[in-house]
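What you see below is based on every heavy atom in this structure, not just the backbone, and it leaves out hydrogens, waters and symmetry mates. Just so you know, residue 1 is the first one in the sequence shown, and it goes up from there. Both counts, for ligands and for their atoms, begin at 1 and track the order of listing.
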Amino acid sequence: MANALAPEAHYNFFSSVERSFDKAAQFTKWEKGILEQIKACNSVYRMRFPVRVGSSIEVIEAYRVQHSHHKLPCKGGIRFSEEVNQDEVMALAALMTYKCAIVNVPFGGAKGGIKINPRNYTPFQLEAITRRYTAELVKKNFIGPGIDVPAPDYGTGEREMSWILDTYMSLRPGEVDGLGCVTGKPIAQGGVRGRKEATGLGVFYGLRELCNVKEDMEKLGLEPGLDGKRVVIQGLGNVGYHAAKYFYEAGSKITCLIEFDGAIYSEKGMNPDEVLKHRQETGSILNFPGSKNLTINMEGLEVDCDILIPAALENVIDADNAPRIKAKIIGEAANGPITPEADEILAKKGVIVVPDMFLNAGGVTVSYFEWLKNLSHVRYGRLGKRFDENMNIHILQVIEDLTGKKVSAQERKFIAHGADEVDLVYSGLEETMYTALHEVREAYMKNPKINDMRTAAYVAAIDKVGASYEQLGIFP
Ligand code: GLU
């Protein structure tokens with residue numbers, strides 16, 4: 001097994017995205033040519049470049065795929081993984097197109113990948129690889145605030161984004177909007193507060209909203225709300241950890257956590273922060289006090305639970321293990337964790353699958369906020385915060401004078417608070433996930449022939465991308 005979090009991929013990821021697309025396309029009004037254009041990958045840039053690793057030269061294989069240009073810039077993360085190949089990057093770029101459309105983020109879809117295992121390189125070597133990759137993108141005009149804007153993905157984070165920014169800025173000096181060439185940056189380098197947790201928080205907001213829909217919960221035999229729900233999460237990286245944290249804080253029970261070296265189970269539920277601390281101390285989530293080890297990690301996906309959240313890699317639920325899945329709701333925090341065959345099996349079992357292209361769109365949504373911040377050159381809240389606070393205090397004073405009653409110091413602080421950057425980012429994210437869930441649900445409810453939320457999400461996305469091709473003309 002090449003990567004213990006995913007069964008070996010013998011299938012073609014891009015064609016499985018095409019299959020889901022075709023299934024949904026029949027429910028839309030668009031002519032064949034427009035559908036073909038939406039589906040196609042517009043540009044594929046495959047690179048090979050040399051990097052000195054220790055005393056030898058290594059040839060690095062890397063990609064950047066721009067799936068669609070119906071809106072610009074193109075947008076999507078860059079992953080560092082040994083599994084990277086052209087097919088995978090094309091599929092992930094296509095998912096970005098549909099993802100941005102669903103959450104009304106005005107970007108085309110893209111994705112990048114470098115075929116390395118970052119654990120095998122020193123930070124210095126990773127920096128050399130990242131900077132060279134960025135230089136290759138600059139050379140071919142494949143990066144820029146109005147062209148194509150990378151972001152973190154599997155195996156990358158703030159550190160890699162700051163290397164990309166610095167390389168871009170030194171090759172394009174004086175570009176006034178240059179900060180917008182990449183998102184997911186550290187705050188000190190033009191990042192936005194709330195970006196790091198955005199995908200996990202978006203997963204939480206999306207599933208919380210679904211769990212608030214009484215009629216959907218009744219069909220599953222569940223109570224509305226998150227309190228007491230048993231949640232299983234695969235992958236304790238940035239997305240999985242933050243999702244786990246928000247579910248835990250909302251009163252759900254994190255009963256099973258799955259990592260590449262095994263899984264841990266506790267009926268009572270676990271605090272993800274304590275698990276993370278345990279991993280920092282011991283190097284593994286296994287043997288977490290009060291939990292039971294499951295030595296075959298993939299078995300964790302099959303434990304009885306209410307919500308299963310795969311938050312690692314693609315293709316982890318396939319025709320083989322899908323019949324054994326006991327979850328009532330599956331929230332796709334990862335991109336493409338369920339194969340089309342598994343999708344059919346789960347739909348027949350009555351499992352609600354909340355699709356990746358909606359559920360994990362929180363990351364790109366907050367990337368959009370970061371990009372807007374970079375173009376506007378001003379921090380969110382800088383202009384209005386103090387005005388709002390003064391106004392709130394004034395209103396409170398008037399009410400207190402009129403009623404002769406006083407609120408507590410704690411209440412006063414809460415009411416007076418003007419929105420900071422992070423408050424505004426969370427508010428924008430919550431609104432985005434809420435609106436998108438109801439749009440997808442509406443497409444699902446409207447057509448009785450649509451029997452899963454993924455198809456409904458594709459229908460919603462295709463309609464939006466189709467409309468913008470129609471406005472642009474096919475050959476603008
Ligand atoms: N890599 C993330 C995704 O797959 C974020 C992309 C972005 O922020 O551009 O959605």
Side-chain angles (χ1 to χ4, degrees), residues 13 17 63-68 71-81 84 88-114 137 142-158 160-161 164-165 179-186 190-192 194-203 205-206 235 237-240 242-243 310-314 331-337 354-374 425 428-429 432-433 436 457 461:
F13 191 7
V17 172
Y63 301 86
R64 184 73 186 173
V65 172
Q66 296 172 348
H67 173 261
S68 62
K71 293 216 180 336
L72 289 170
C74 298
K75 191 85 190 76
I78 292 180
R79 64 171 52 183
F80 287 1
S81 145
V84 162
E88 183 195 58
V89 186
M90 283 169 65
L92 293 167
L95 287 176
M96 287 308 301
T97 296
Y98 309 127
K99 192 185 296 189
C100 290
I102 285 172
V103 288
N104 294 316
V105 165
F107 294 145
K111 201 74 162 204
I114 305 187
L137 295 179
F142 256 68
I143 182 170
I147 297 170
D148 188 346
V149 181
D153 199 82
Y154 188 83
T156 57
E158 288 185 349
E160 288 73 17
M161 301 308 116
I164 294 175
L165 175 70
L179 273 183
C181 76
V182 62
T183 60
K185 303 179 292 286
V192 75
R195 174 63 184 86
K196 201 168 177 185
E197 63 273 37
T199 310
L201 183 56
V203 168
Y205 283 148
N238 182 43
V239 179
H242 282 107
L313 286 171
E314 56 266 20
E332 293 187 321
N335 288 310
V354 188
D356 47 5
M357 67 179 67
F358 153 67
L359 196 65
N360 69 29
V364 76
T365 300
V366 176
S367 276
Y368 170 47
F369 301 156
E370 180 175 334
W371 180 79
L372 290 175
K373 175 186 182 182
N374 296 149
V425 164
L429 177 59
T432 301
M433 296 307 292

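- With no hydrogens or angles considered, a side-chain donor-acceptor pair links Ser367 and Arg195 at under 3.5 Å.
- Ranking protein heavy atoms by distance to atom 6 (C) of ligand 1, first place goes to Gly77 N, 3.7 Å.
- Ranking the protein heavy atoms by distance from atom 8 (O) of ligand 1 puts Ser367 OG, 2.5 Å first.
- At a 4.0 Å cut-off, at least one heavy atom of Arg195 sits close enough to ligand 1 to count as contact.
- Under 4.0 angstrom from ligand 1, there are no non-hydrogen atoms of Leu95.
- Those atoms of ligand 1 with a heavy atom of Met96 less than 4.0 angstrom away are 3 (C), 4 (O), 6 (C), 10 (O).
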Worksheet item: Checking side-chain contact (heavy atoms from CB on, under 4.5 Å) for the pair Leu165/Leu179: CA distance, chi angles, key distance, verdict?
Response: CA-CA 7 Å; Leu165 175 70; Leu179 273 183; 3.7 Å; yes
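- When each atom of ligand 1 is checked for a heavy atom of Lys99 under 4.0 Å away, the hits are 3 (C), 4 (O), 10 (O).
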Practice prompt. Assess whether side-chain contact (heavy atoms from CB on, under 4.5 Å) is satisfied between Lys75 and Trp371, documenting all intermediate values.
Written response: CA-CA 11 Å; Lys75 191 85 190 76; Trp371 180 79; 5.7 Å; no
Practice prompt. Go through Leu95 and Glu314 one step at a time and tell me if the side-chain contact (heavy atoms from CB on, under 4.5 Å) criterion holds.
Written response: CA-CA 12 Å; Leu95 287 176; Glu314 56 266 20; over 6 Å; no
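- Every atom of ligand 1 with a heavy atom of Lys111 under 4.0 Å away is listed here by number and element: 1 (N), 3 (C), 4 (O).
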Item to complete: Take Thr199 and His242 through the side-chain contact (heavy atoms from CB on, under 4.5 Å) test and state the conclusion after the steps.
Response: CA-CA 8 Å; Thr199 310; His242 282 107; over 6 Å; no
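- Checking only distances, Asp153 does come within under 3.5 Å of ligand 1, N or O to N or O.
- Ligand 1 is never approached by Arg79 to a heavy-atom distance shorter than 4.0 Å.
- The only member of Asp356, Thr365, Asn335 that meets side-chain hydrogen bond (donor to acceptor under 3.5 Å, both in side chains) when paired with Lys99 is Asn335.
- With Ala93, Gly76, Pro152 as candidates, the residue nearest to atom 2 (C) of ligand 1 on a non-hydrogen basis is Pro152.
- Interface of Asn335 with ligand 1, defined as ligand atoms under 4.0 Å from a residue heavy atom, comprises 4 (O).
- Ligand-side atoms of ligand 1 in range of Ala151: 6 (C), 7 (C), 8 (O), 9 (O), range being under 4.0 angstrom from any heavy atom.
- Ion pairing between a basic and an acidic side chain is recognised when a charged N comes within 4.0 Å of a carboxylate O; Glu158 and Lys196 show no such pairing.
- Residue-ligand proximity, Gly363 to ligand 1, at heavy-atom distances under 4.0 Å covers atoms 8 (O).
- Counting heavy atoms from C-beta on, the side chains of Gln66 and Asp148 come closer than 4.5 Å.
- Side-chain N or O atoms of Thr183 include none that pairs as donor or acceptor with a backbone N or O of Glu370 at under 3.5 Å.
- Counting atoms of ligand 1 from 1 in the listed order, those under 4.0 Å from a heavy atom of Lys75 are 7 (C), 8 (O), 9 (O).
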